[in-house]
Amino acid sequence: MTHTPPSLLNEPAEERLLLAHGDGGILTHQLIQGLFQKYFRAPELMALTDAAVLSGAPDLALTTDSFVVNPLFFPGGDIGKLAIAGTVNDLAVSGAQAKYLTAAFILEEGLEISLLEKVVASMASTARTAGVSIVTGDTKVVERGKGDGIYINTTGLGLVRKKELGYHRIQPGDKIILNGGIGEHGLAVLIERNQFRFSESIQSDCMPLNALITPLLDQFGTDIKFMRDPTRGGLATTAKEIALSGSCDLWLEETAIPVRDEVRGATEFLGLDPLYLANEGKVLTIAAPERAAEIVRFMHQLPEGKDAAIIGEVRIGQGQVFLQTPLGGTRILDMLAGAPLPRIC
């Protein structure tokens, strides 16, 4: 009979990665700050923005992203469209116009070439729409059962057109603007993955946003204080990250947040909160209060912003997000905890 040495009984268990570490919520935040920033101490990385404006080349912005969505095709998009739009949008919300992209593919042995061609054709079409060129890349093939079909990594290089965006510019009184309904991408992927059937079709909002963001920045300049795209973790998690990084409180008005009727109905049926579902065609904008209404009217003229609304305001605080409910109560929003819907981007 063997006995465990007493010295081993009190040793902590080895911490291991969970799916929740990749959902964009609180565990992702802790992983980035506690591990990656600990060793990769470039000032651009420490800023925790969607794209890095390079200190050695301040007219250039750089971003990278990996896409592991399951299923590969979903209503409103596919992994190829998602890869291009997501990378373009990360640059756009950082004040940069995307110019060049790389594309690296990790492919599983046995993948149908015809399926890969559909993904590549979708990437090419989306890149043309966004006005970017795919200029270099890489391909690797892994053993059958090891790659889940297709993984795509993209890197985007863009020209910085507006340098005024930043957490440091957020002030009490600024208004919070959203360009349309939330939760559509995460819900569309979930429904397709599980083959749920609802009376109304729910489409992902996946699309490049530079056709909205570029003219918006040109028109309103320094009145636009900050932008983020609320992807993984949804609107609530993005708002919490902004509040923490901006050392302020965000107050959101629940009735002002756009949610399509079909999304509201499906999330209520499934027990999900649209505030925490991923978006791939939305931009959260913080703007000077005296121009906010004009900014919304400007957005309404463009297809990507036809449902734009002022959804809240910035107040003095220390990193909290408050949701004012229709009944007059207040709910505190935090980052997404757990992984209710992994593999959505």
Side-chain angles (χ1 to χ4, degrees), residues 89 93 167 169-187 200 202-203 205 207 209 212-213 216 219-220 223-231 233-244 246 248-268 272-317 319-336:
N89 292 346
V93 298
Y167 293 114
R169 298 201 59 237
I170 300 173
Q171 296 178 325
D174 287 342
K175 298 299 183 182
I176 305 165
I177 300 169
L178 188 67
N179 67 310
I182 62 171
E184 295 161 14
H185 174 72
L187 189 58
E200 295 183 82
I202 295 172
Q203 302 281 315
D205 60 344
M207 61 179 165
L209 289 173
L212 170 69
I213 293 173
L216 189 66
Q219 180 73 18
F220 294 97
D223 289 315
I224 304 292
K225 307 291 191 68
F226 185 79
M227 288 182 160
R228 278 286 302 273
D229 51 342
T231 52
L235 173 62
T237 298
T238 299
K240 179 66 174 181
E241 291 174 347
I242 293 171
L244 288 171
C248 58
D249 286 350
L250 302 189
W251 285 75
L252 306 179
E253 185 70 43
E254 186 173 6
T255 57
I257 298 172
V259 183
R260 295 185 185 277
D261 290 341
E262 59 269 30
V263 171
R264 192 182 304 279
T267 52
E268 288 178 356
L272 299 172
D273 188 342
L275 289 167
Y276 288 96
L277 290 178
N279 311 276
E280 289 294 343
K282 298 298 177 289
V283 55
L284 195 64
T285 300
I286 298 181
E290 62 273 13
R291 302 296 298 279
E294 187 180 351
I295 288 169
V296 169
R297 288 194 295 270
F298 183 88
M299 285 185 172
H300 287 166
Q301 300 173 42
L302 300 170
E304 299 87 350
K306 60 185 178 64
D307 297 320
I310 299 172
I311 65 168
E313 68 177 14
V314 178
R315 298 183 186 176
I316 295 172
Q320 296 288 352
V321 179
F322 298 95
L323 181 72
Q324 296 176 294
T325 68
L327 298 178
T330 302
R331 172 184 167 195
I332 297 177
L333 301 181
D334 209 334
M335 294 183 187
L336 176 66

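Everything numeric here is computed off the predicted structure, so don't read it as measured data.
- For the pair F322/I332, a side-chain contact is recorded, criterion being any heavy-atom separation below 4.5 Å from C-beta on.
- When all heavy atoms of T238 and P230 are compared, the pair lying nearest together is OG1-CA, 3.2 Å.
- Under the 3.5 Å distance criterion, the side-chain polar atoms of K175 are left unmatched by any main-chain donor or acceptor of E290.
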side-chain contact (heavy atoms from CB on, under 4.5 Å) assessment of L284 paired with I176: CA-CA 7 Å; L284 195 64; I176 305 165; 3.7 Å; yes

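- Judged purely by atom type and a 3.5 angstrom limit, N279 uses its side chain to pair as donor or acceptor with the backbone of G183.
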Criterion side-chain contact (heavy atoms from CB on, under 4.5 Å) on K282 and H185, from CA distance to verdict: CA-CA 10 Å; K282 298 298 177 289; H185 174 72; over 6 Å; no

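- Here the shortest heavy-atom pairing between P289 and G173 reads CB-O, 3.3 Å.
- For the pair P258 and I311, the tightest heavy-atom approach, listed with the atom from each and the gap, is CD-CG2, 3.9 Å.
- Considering every non-hydrogen atom in both G233 and L336, the closest pair reads CA-CD2, 4.1 Å.
- Checking I242, T285, V283 one by one against R228, the side-chain contact (heavy atoms from CB on, under 4.5 Å) holds for a single residue, I242.
- Put simply, the side chain of L187 does not reach to within 4.5 Å of the side chain of P274, judged on heavy atoms.
- Checked by atom type and distance alone, the side chain of D249 never pairs as donor or acceptor with a backbone atom of V321 at under 3.5 Å.
- Distance check, rounded to the nearest 0.5 Å: CD1 of I177 to CD of E313 gives 12.5 Å.
- Of all heavy-atom pairs between R264 and V259, the closest is NH2-CB, 3.3 Å.
- Residues R260 and D205 are not paired through a salt bridge, judged by the lack of any N-O separation under 4.0 Å between the basic side chain and the carboxylate.
- For the pair E184 and I202, the tightest heavy-atom approach, listed with the atom from each and the gap, is O-CG2, 4.2 Å.
- A donor-acceptor pair under 3.5 Å is absent between the side-chain atoms of T255 and the main chain of P326, judged by distance alone.
- A donor-acceptor pair under 3.5 Å is formed between the side chain of D273 and the backbone N or O of L275.
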T231 and N89: CA distance, side-chain angles, deciding distance, side-chain contact (heavy atoms from CB on, under 4.5 Å) verdict: CA-CA 10 Å; T231 52; N89 292 346; over 6 Å; no

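- A donor-acceptor pair under 3.5 Å links the side-chain atoms of N179 to the main chain of G281, judged by distance alone.
- If you take CD on Q301 and CG on L212, they are separated by 11.0 Å, rounding to the nearest 0.5 Å.
- Remark: I295 CD1 to I310 CD1 distance equals 8.5 Å, nearest 0.5 Å.
- With hydrogens and angles disregarded, a donor-acceptor distance shorter than 3.5 Å links the side chain of H300 to the backbone of A308.
- Distance OH/Y276 to CG/D334: 6.5 Å, rounded to 0.5 Å.
- No side-chain heavy atom of R331 sits under 4.5 Å from any side-chain heavy atom of Q324.
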Criterion side-chain contact (heavy atoms from CB on, under 4.5 Å) on L216 and M299, from CA distance to verdict: CA-CA 8 Å; L216 189 66; M299 285 185 172; 3.5 Å; yes

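- When each of D223, V296, I224 is paired with R291, the side-chain contact (heavy atoms from CB on, under 4.5 Å) condition holds for D223 and for no other.
- Ring orientation note: the planes of F220 and F298 are nearly perpendicular, at an angle over 60° on the 30°/60° scale.
- The main-chain N or O of I286 is never found under 3.5 Å from a side-chain atom of D174 such that the two would form a donor-acceptor pair.
- By the 4.5 Å heavy-atom criterion applied to side chains, V263 and L277 are not counted as neighbours.
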